Number of protein chains: 2
Amino acid sequence: MPISSRLTSDQPRKSTGSRNGHLPDEIAQDLSAKIASGVLSVGDRLPSERDLCTQYAVSRAVVREALSQLKSDGLVAARAGSGVYVTQRDSTNAFRFQNFSVSDLNRLEEAMELLVTIEVAATRLAAKRRTPEDLKKIKRALIGMEYAIASDRLGDEEDYQFHQAIVEATHNQHFISLCQHLEASARNIIRQARSNTKTNHADLLDAVQDEHNAIYDALKNGDEKAAAEAAARHLQNAAERIRIYLA
Amino acid sequence: MPISSRLTSDQPRKSTGSRNGHLPDEIAQDLSAKIASGVLSVGDRLPSERDLCTQYAVSRAVVREALSQLKSDGLVAARAGSGVYVTQRDSTNAFRFQNFSVSDLNRLEEAMELLVTIEVAATRLAAKRRTPEDLKKIKRALIGMEYAIASDRLGDEEDYQFHQAIVEATHNQHFISLCQHLEASARNIIRQARSNTKTNHADLLDAVQDEHNAIYDALKNGDEKAAAEAAARHLQNAAERIRIYLA
DNA sequence: GTCGTTGACTGGTAAGACCATTTTGTGTCA
DNA sequence: TGACACAAAATGGTCTTACCAGTCAACGAC
């Protein structure tokens with residue numbers, strides 16, 4: 001442990017010379033270990049930044065960078081004038097949409113519940129907020145999809161762009177980044193399923209296009225309710241199509 | 001856009017006075033947006049830290065903290081003596097609920113839109129699927145919250161457990177992990193807001209308890225519609241309370 | 001006792017400095 | 001002319017000092 005050994009060192013670490021790792025990383029790791037192990041429990045206040053400086057024998061800049069890592073991980077929260085507090089024991093900071101196998105129907109249902117929830121809400125917001133530019137981008141994706149299908153391609157890339165354009169029309173950053181994550185994950189499965197049945201799904205692709213058109217129309221009209229319903233219908237049908245592919 | 005406007009500002013932002021949000025967060029967000037949008041593509045070198053300082057008119061400490069966020073997100077990598085390089089375009093492999101500052105009302109609204117969407121859907125699912133054991137766990141958190149308030153504590157930890165117990169009652173792994181992530185982030189803000197007004201919010205805490213009771217009753221009765229409505233009301237009121245704290 | 005006020009402490013930010021490494025440019029020598 | 005060695009500039013990593021604004025508890029006036 002390069003850090004703790006430095007605690008007892010009488011050498012005030014003259015220069016930045018012979019260290020190996022990234023100083024803030026070491027400290028962040030040490031602190032998060034203390035939190036995970038329970039040495040620092042939720043609600044506790046960390047030592048002040050200046051105290052940590054002397055403890056670890058580093059400058060305040062380093063301590064602050066270490067703390068900023070913990071902050072962005074959601075382990076601690078700083079309150080100006082008061083202190084830095086432990087808010088969370090383990091870092092469930094990042095949400096990862098679990099990859100589910102196409103072959104597992106149960107988990108498909110589970111995943112669809114979340115996907116439908118998010119996408120329907122996003123589409124409803126988009127109906128309320130979409131600008132003419134948003135609408136143009138959505139329309140472009142829609143046409144691109146049609147063209148792709150006519151060109152005997154799957155058009156899944158255009159499909160993705162269609163959904164992404166809608167989500168961007170919410171003008172809500174949280175929705176945008178969450179949907180980006182969800183759809184990027186979901187797309188893998190869809191593509192996989194689709195490519196298995198390249199030959200006999202012409203009718204299904206038409207149905208998809210109709211559903212997309214319905215969403216677009218609702219967005220164009222600014223009809224929140226219709227948009228939400230169209231999105232829900234589309235996603236539920238999409239799930240249904242995947243089930244067909246599986247059979 | 002507080003950042004870009006500052007770029008053209010001739011005022012060298014004298015003191016730390018009248019700004020709203022966390023400076024490094026703003027810059028990190030701006031940079032990651034540039035990366036996601038393709039203004040900076042993979043392999044590109046960012047401007048040097050010192051250049052970024054002048055661009056954003058902030059100190060190097062701020063720029064470094066912003067960059068450290070991007071680094072821990074895996075978007076960029078720094079090479080000493082050379083520069084900072086974009087290593088990844090989108091962080092779609094993981095969703096991170098962006099930190100927003102309590103002081104920024106616009107971003108609060110944005111965040112609440114997503115939080116309400118998810119929580120309401122989760123509560124509706126929970127009403128459908130909760131087992132007696134789930135119900136017991138929720139009840140326990142409810143009572144714990146009451147006890148905490150009576151003991152002159154904030155009870156935010158118990159509040160969190162209440163919501164978590166509900167989400168677990170959905171028995172949907174995707175909802176569980178997403179909500180865990182969202183609420184852990186949101187809790188920081190709530191706690192921060194609450195602690196500011198420890199003395200004069202006894203009436204508000206009572207209101208919270210009533211809202212929680214309404215949710216519990218609906219879950220107990222298995223009434224999906226009532227549960228969703230109670231959850232929506234609770235969250236919207238919670239947002240309203242945060243606004244009060246801000247004023 | 002209650003209520004303001006004060007002052008020490010805390011995180012947030014700024015500015016300037018030094019170090020080690022990388023990169024680039026330059027000049028020397030073959 | 002080409003390859004090589006060296007120096008200078010640029011860059012990230014770290015340290016130091018300083019000021020600001022918010023928090024909070026102790027103290028004193030009423």
Side-chain angles (χ1 to χ4, degrees), chain A residues 2-3 6 11-28 44-72 76-87, chain B residues 2-3 6 11-28 44-71 76-87 99 101-103 188 191-200 245-246:
Chain A
I3 286 184
R6 199 189 302 134
Q11 284 251 72
R13 2 180 301 86
K14 40 204 170 194
S15 90
T16 160
S18 62
R19 241 177 317 84
N20 36 1
H22 194 54
L23 227 27
D25 285 350
E26 290 182 36
I27 295 178
D44 282 3
R45 222 201 68 178
L46 301 194
S48 77
E49 293 185 350
R50 285 155 179 98
D51 284 351
L52 289 174
C53 290
T54 64
Q55 274 185 39
Y56 289 112
V58 297
S59 77
R60 208 176 142 214
V62 174
V63 168
R64 280 188 61 77
E65 197 168 322
L67 287 178
S68 86
Q69 282 186 33
L70 299 186
K71 276 187 266 181
S72 78
V76 302
R79 276 171 36 210
S82 177
V84 180
Y85 297 84
V86 179
T87 57
Chain B
I3 286 183
R6 198 189 302 134
Q11 283 250 73
R13 6 181 297 82
K14 38 203 169 194
S15 89
T16 160
S18 63
R19 241 174 319 83
N20 36 359
H22 196 54
L23 228 27
D25 285 349
E26 290 183 37
I27 294 177
D44 281 4
R45 223 202 66 181
L46 301 193
S48 77
E49 293 185 352
R50 288 160 178 92
D51 285 350
L52 289 174
C53 290
T54 66
Q55 274 186 37
Y56 289 111
V58 297
S59 76
R60 211 176 141 210
V62 174
V63 167
R64 281 188 62 77
E65 197 168 322
L67 287 178
S68 87
Q69 282 185 33
L70 299 186
K71 275 187 266 181
V76 302
R79 273 170 37 210
S82 175
V84 180
Y85 297 84
V86 179
T87 56
N99 287 337
S101 158
V102 233
S103 52
N188 296 342
R191 179 214 292 270
Q192 186 177 344
R194 276 191 173 185
S195 68
N196 291 342
T197 55
K198 213 181 209 164
T199 51
N200 60 341
Y245 295 136
L246 296 180

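Keep in mind that this is a model prediction, so the values were computed, not measured. Naming convention: chains lettered A, B, ... in sequence-line order (proteins, then strands); numbering from 1 in each chain.
Residue B:Arg60 has no polar side-chain atom (N or O) positioned under 4.0 Å from OP1 or OP2 of C:dA15. Contact annotation: B:Ser59 side-chain N/O to C:dT13 OP1/OP2 distance is not under 4.0 Å.
Minimum interatomic distance between A:Val86 and A:Leu46 (heavy atoms only, all atoms of both residues): CG2-CD2, 3.8 Å. The two residues B:Glu49 and B:Val63 have their closest heavy-atom pair at O-CG1, 4.0 Å. Closest approach of B:Thr87 and B:Ala77 over heavy atoms only: CG2-CB, 3.6 Å. In terms of heavy-atom proximity, B:Pro24 sits nearest to B:Ala66 at O-CB, 3.4 Å. For A:Arg45 against A:Gly83, the heavy-atom pair with the smallest separation is CD-CA, 4.1 Å. A:Ser68 approaches B:Ser68 most closely through the heavy-atom pair OG-OG, 3.3 Å.
Rounded to an integer number of Å, the gap from CZ of A:Arg64 to P of C:dA15 is 15 Å. One atom, CG of B:Leu52, and another, C1' of C:dA14, lie 16 Å apart when rounded to the nearest Å. One interatomic measurement links the two molecules: CG of A:Leu70 to P of C:dG11, which rounds to 13 Å at whole-angstrom precision. Atom pair B:Gln69:CD and C:dG12:P shows a separation of 12 Å (rounding to whole Å applied). Computed from coordinates, the B:Glu65 CD to C:dG11 C1' distance equals 11 Å when rounded to whole Å. For B:Ile27 and C:dT13, the CD1 to C1' distance is 11 Å, given to the nearest whole Å. In this structure, A:Leu67 atom CG and C:dG12 atom P are separated by 8 Å, rounded to whole Å. In this entry the distance linking NZ of B:Lys71 with C1' of D:dG13 reads 8 Å, nearest Å.
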Polar atoms only, N or O, under 3.5 Å: list the protein pairs with nucleotides 5-8 of chain D and their distances.
none

Sub-3.5 Å pairs of nitrogen or oxygen atoms, protein against nucleotides 7-10 of chain C:
residue : atom : partner : partner atom : Å
C:dT10  : O2   : A:Gly81 : N            : 3.3

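The listed nucleotides are D:dG13, D:dT16, C:dG12; the one nearest the side chain of B:Ala78 is D:dG13.
Rounded to 10 degrees, the angle separating the terminal helix axes of the helix from C:dG1-D:dC30 to C:dA30-D:dT1, each built from five base pairs, is 10°.
With rounding to the nearest 0.5 Å, the separation of CZ in B:Arg64 from OG in B:Ser59 is 11.0 Å. Separation of atoms CG (A:Leu67) and CD (B:Glu65) is listed at 9.0 Å; rounding is to 0.5 Å.
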